[in-house]
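What follows is one structure encoded as structure tokens, with my remarks underneath.
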Amino acid sequence: MALSLAALPSLSITLCIPKKGSNLYPPKLNKMSPIQCSLSVSTHSKTPQFDLKTYWTTLILEINQKLDQAVPIQYPDKIYEAMRYSVLAKGAKRAPPVMCVAACELFGGNRHAAFPTACALEMVHSASLIHDDLPCMDDDPSRRGQPSNHKIYGVDMAILAGDALFPLGFRHIVSHTPSDLVPEPRLLSVIAEIARAVGSTGMAAGQFLDLEGGPNSVEFVQEKKFGEMGECSAVCGGLLAGAKDDEIQRLRRYGRAVGVLYQVVDDILEAKTMKSKVDEDKKKRKGKSYVALYGVEKAIEVAEELRAKAKEELDGFEKYGESVLPLYSFVDYAADRGFSFGESS
């Protein structure tokens with residue numbers, strides 16, 4: 001079932017969500033800040049037609065081939081089998097690597113310069129999912145249309161597979177990025193960006209607060225658990241192509257908004273289809289989400305705001321012409337899910 005946010009009636013809505021805390025631990029008081037969200041403005045008007053599905057599926061084929069080569073079976077076999085099980089999952093949409101390539105091409109970069117980093121982003125993303133699914137974390141039995149890694153290989157091997165994928169991603173960037181296409185300082189910036197995104201102030205912090213934080217931590221959890229990967233992917237593409245500092249900041253805000261938007265819409269679609277007690281139990285395990293705390297209607301308002309914010313950032317790239325179209329299209333895909341890849345997510 002596809003959700004069309006644009007189908008909502010035109011009206012002006014004030015949405016109250018918690019203020020972001022100044023440090024890792026959100027305030028205990030339930031302080032609320034108003035966010036204006038006008039749905040009377042068409043968020044589709046600035047998105048020209050672009051065949052995102054063809055662009056995306058073409059890149060998926062190339063990225064899958066390169067990932068297969070990047071994670072070969074070698075000794076000790078079982079660790080590599082567990083790594084490949086998650087990295088090469090047929091249900092993977094490859095959103096982080098595709099966004100990285102698109103951002104690189106926006107600034108005239110060669111996609112072959114971006115492929116090693118794109119593969120590394122998928123390795124890091126897969127590693128984070130393996131660990132998130134563990135019984136001691138989110139305790140999810142399935143991922144990308146197949147049993148979670150620990151369900152097949154055991155908790156111990158799943159931990160090792162994730163541990164191995166993180167450094168392999170960094171190594172792959174260094175060993176496979178063409179030096180004639182990407183100067184070393186740019187490469188160092190990319191590595192530092194990925195390390196920041198997955199570390200104690202990034203995705204790890206989001207997972208911590210998802211487990212331990214109170215309801216006021218929802219914005220922080222959503223941005224860190226889901227926004228960081230989108231932000232990092234877009235920024236890495238820009239860094240590889242030599243984007244300017246102000247352009248990198250635009251990509252940062254854009255990628256974060258898209259990452260959170262995708263997850264908010266996922267939660268909305270899931271909530272609309274939940275009927276059984278098993279579904280309700282699953283909903284409770286979802287942790288800190290806008291749907292769980294505020295309901296579907298307010299979550300839709302959040303999604304509209306995120307869509308508008310992401311497109312507003314892209315408006316600053318108008319001078320690059322049609323090169324920005326893939327990034328615009330990602331926003332609408334995250335909100336509307338206008339097509340499928342024929343596989344489970």
Side-chain angles (χ1 to χ4, degrees), residues 1-18 32 35 37-44 47 52-53 56 89 91-93 95 129 132-133 138-148 206 210 215 217-227 229-230 256-311 329-345:
M1 176 180 66
L3 173 71
S4 178
L5 301 176
L8 293 172
S10 297
L11 69 160
S12 182
I13 296 174
T14 298
L15 169 65
C16 289
I17 63 177
M32 309 292 282
I35 292 184
C37 181
S38 176
L39 303 183
S40 61
V41 179
S42 172
T43 53
H44 290 280
T47 309
L52 179 64
K53 184 174 183 179
W56 199 324
K93 293 183 176 71
L129 297 179
D132 281 358
D133 291 340
D138 293 346
D139 194 17
D140 281 329
S142 63
R143 174 70 66 176
R144 291 171 167 174
Q146 64 184 25
S148 296
D210 196 19
S217 63
V218 60
E219 185 180 5
F220 188 96
V221 170
Q222 293 286 303
E223 288 194 358
K224 293 299 181 179
K225 279 197 71 171
F226 309 112
M229 202 69 232
R256 180 172 292 247
V258 173
V260 177
L261 171 61
Y262 192 95
Q263 184 59 37
V264 171
V265 173
D266 260 8
D267 292 339
I268 292 170
L269 293 173
E270 188 170 289
K272 284 179 173 289
T273 60
M274 283 179 175
K275 296 178 181 179
S276 67
K277 186 179 185 303
V278 174
D279 287 333
E280 289 300 323
D281 290 341
K282 184 177 180 182
K283 181 179 178 180
K284 292 177 183 178
R285 293 200 306 269
K286 291 293 287 185
K288 313 302 181 297
S289 74
Y290 290 109
V291 170
L293 290 176
Y294 305 124
V296 170
E297 294 306 316
K298 286 189 180 292
I300 290 175
E301 296 166 20
V302 172
E304 277 288 8
E305 181 189 339
L306 289 165
R307 175 189 247 177
K309 178 177 177 56
K311 289 191 175 184
S329 296
F330 281 137
V331 183
D332 288 332
Y333 173 79
D336 298 329
R337 312 298 163 92
F339 61 85
S340 68
F341 296 92
E343 294 166 333
S344 301
S345 59

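For reference, positions follow the sequence shown, starting with 1.
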Validation row: [X], [Y] side chains within 4.5 angstrom (heavy atoms):
| X | Y | result |
| --- | --- | --- |
| Val331 | Leu261 | yes |
| Lys224 | Arg256 | yes |
| Leu269 | Arg337 | yes |
| Glu301 | Lys298 | yes |
| Asp132 | Lys225 | yes |
| Val264 | Val260 | yes |

Indicate the atoms forming the closest heavy-atom contact of [X] with [Y], along with that distance.
| X | Y | value |
| --- | --- | --- |
| Leu52 | Ser329 | CD2-O, 3.6 Å |
| Val258 | Ala310 | CG2-CB, 3.9 Å |
| Trp56 | Tyr333 | CZ3-CD2, 3.6 Å |
| Tyr290 | Val218 | N-CG2, 3.9 Å |
| Asp267 | Ser289 | OD2-CB, 3.3 Å |
| Asp140 | Ser148 | O-OG, 2.7 Å |

#### Entry: From OH (Tyr262) to CE (Met229), nearest 0.5 Å
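One finds 14.0 Å between OH of Tyr262 and CE of Met229.
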### Message
Working to the nearest 0.5 angstrom, can you tell me the gap between Lys272 NZ and Ile300 CD1?
### Response
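Taking NZ in Lys272 and CD1 in Ile300, the distance rounds to 5.0 Å.
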### Query
Would you call Arg143-Asp138 a salt bridge at under 4.0 Å N-O?
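So Arg143 does not pair with Asp138 through a salt bridge.
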### Task
Before accepting this row, confirm whether a basic side-chain N of the pair Asp336/Arg307 lies closer than 4.0 Å to the acidic partner's carboxylate O.
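Yes.
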#### Entry: N/O donor-acceptor pair under 3.5 Å between Ser217 side chain and Phe220 backbone
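Absent.
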### Task
Step by step, work out the side-chain contact (heavy atoms from CB on, under 4.5 Å) result for Gln222 and Val302.
CA-CA 12 Å; Gln222 293 286 303; Val302 172; over 6 Å; no
### Message
Can you list everything that forms a ring pair (Phe, Tyr, Trp, His ring centres under 6.0 Å) with Phe226? Sequence neighbours excluded, please.
### Response
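Partners of Phe226 under the ring pair (Phe, Tyr, Trp, His ring centres under 6.0 Å) test: none.
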